[in-house]
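Take a look at the structure set out below.
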Amino acid sequence: MIIRIIQGLLLAALLLYGSVHDIRTHTMPDWVWMGIAGAGFIGCRLHDLPSMLLGAAAVLLIEVPLAVLLKDRAIGGAGIQLWAGGAVSR
């Protein structure tokens, strides 16, 4: 249970930092989404990996074409990074 608390606090801190940074600069450092994805692996068992990676692939297959097709840039690179990182997290 303590691992879940640590994982939740880490995810919350990364999301808060990423959100504030994105609001101020309209950019997202790469280490934020990598940290979110990495936090998903905390306490992960081997049999959880296929579904986590499948979730990330599904998000990317949906989000990347939407970002390309939407000319008004409703979905930016930071959004795609956060969605993919979050898809890997459990």
Side-chain angles (χ1 to χ4, degrees):
M1 178 155 137
I2 192 78
I3 290 178
R4 292 282 181 213
I5 293 170
I6 293 170
Q7 183 183 32
L9 290 173
L10 180 60
L11 287 171
L14 287 168
L15 286 171
L16 180 63
Y17 176 82
S19 299
V20 171
H21 193 276
D22 188 33
I23 289 169
R24 288 184 179 168
T25 65
H26 299 286
T27 61
M28 178 75 61
D30 287 336
W31 63 266
V32 173
W33 72 266
M34 289 180 203
I36 292 170
F41 291 104
I42 295 174
C44 177
R45 294 178 302 256
L46 188 59
H47 70 274
D48 293 333
L49 288 176
S51 64
M52 292 167 67
L53 296 176
L54 183 63
V59 166
L60 286 174
L61 287 174
I62 294 169
E63 290 294 319
V64 170
L66 281 176
V68 171
L69 293 176
L70 295 174
K71 299 296 182 190
D72 61 355
R73 305 210 12 107
I75 301 173
I80 294 171
Q81 290 173 345
L82 287 177
W83 276 68
V88 174
S89 297
R90 313 179 280 135

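On a predicted model such as this, the values are computed, not experimentally measured, just so you know.
Leu14 approaches Ile36 most closely through the heavy-atom pair CD1-N, 3.6 Å. Residues His21 and Pro29 approach most closely at ND1-CD, 3.5 Å, considering heavy atoms. Considering every non-hydrogen atom in both Leu10 and Ala39, the closest pair reads CD2-CB, 3.7 Å.
With rounding to the nearest 0.5 Å, the separation of CG in Leu11 from CD1 in Ile6 is 12.0 Å. The CG atom of Leu61 sits 9.5 Å away from atom CG of Leu54, with the distance rounded to the nearest 0.5 Å. Taken to the nearest 0.5 Å, the CZ atom of Phe41 stands 6.0 Å off from the CG atom of Leu49.
Cluster partners of Leu16, by chain and number: Val20. The rule joins Ile, Leu, Val, Met, Phe, Trp and Tyr whenever side-chain heavy atoms lie under 4.5 Å apart.
Partners of Thr27 by side chain to side chain donor-acceptor pair (under 3.5 Å), not counting sequence neighbours, listed by chain and number: Thr25.
With a 6.0 Å radius and a threshold of 12 heavy atoms from other residues, nucleotides or ligands, Ile5 has its CD1 atom above the threshold.
Hydrophobic clustering of Ile, Leu, Val, Met, Phe, Trp and Tyr side chains at less than 4.5 Å, counting indirect connections, unites Met28 with Trp31.
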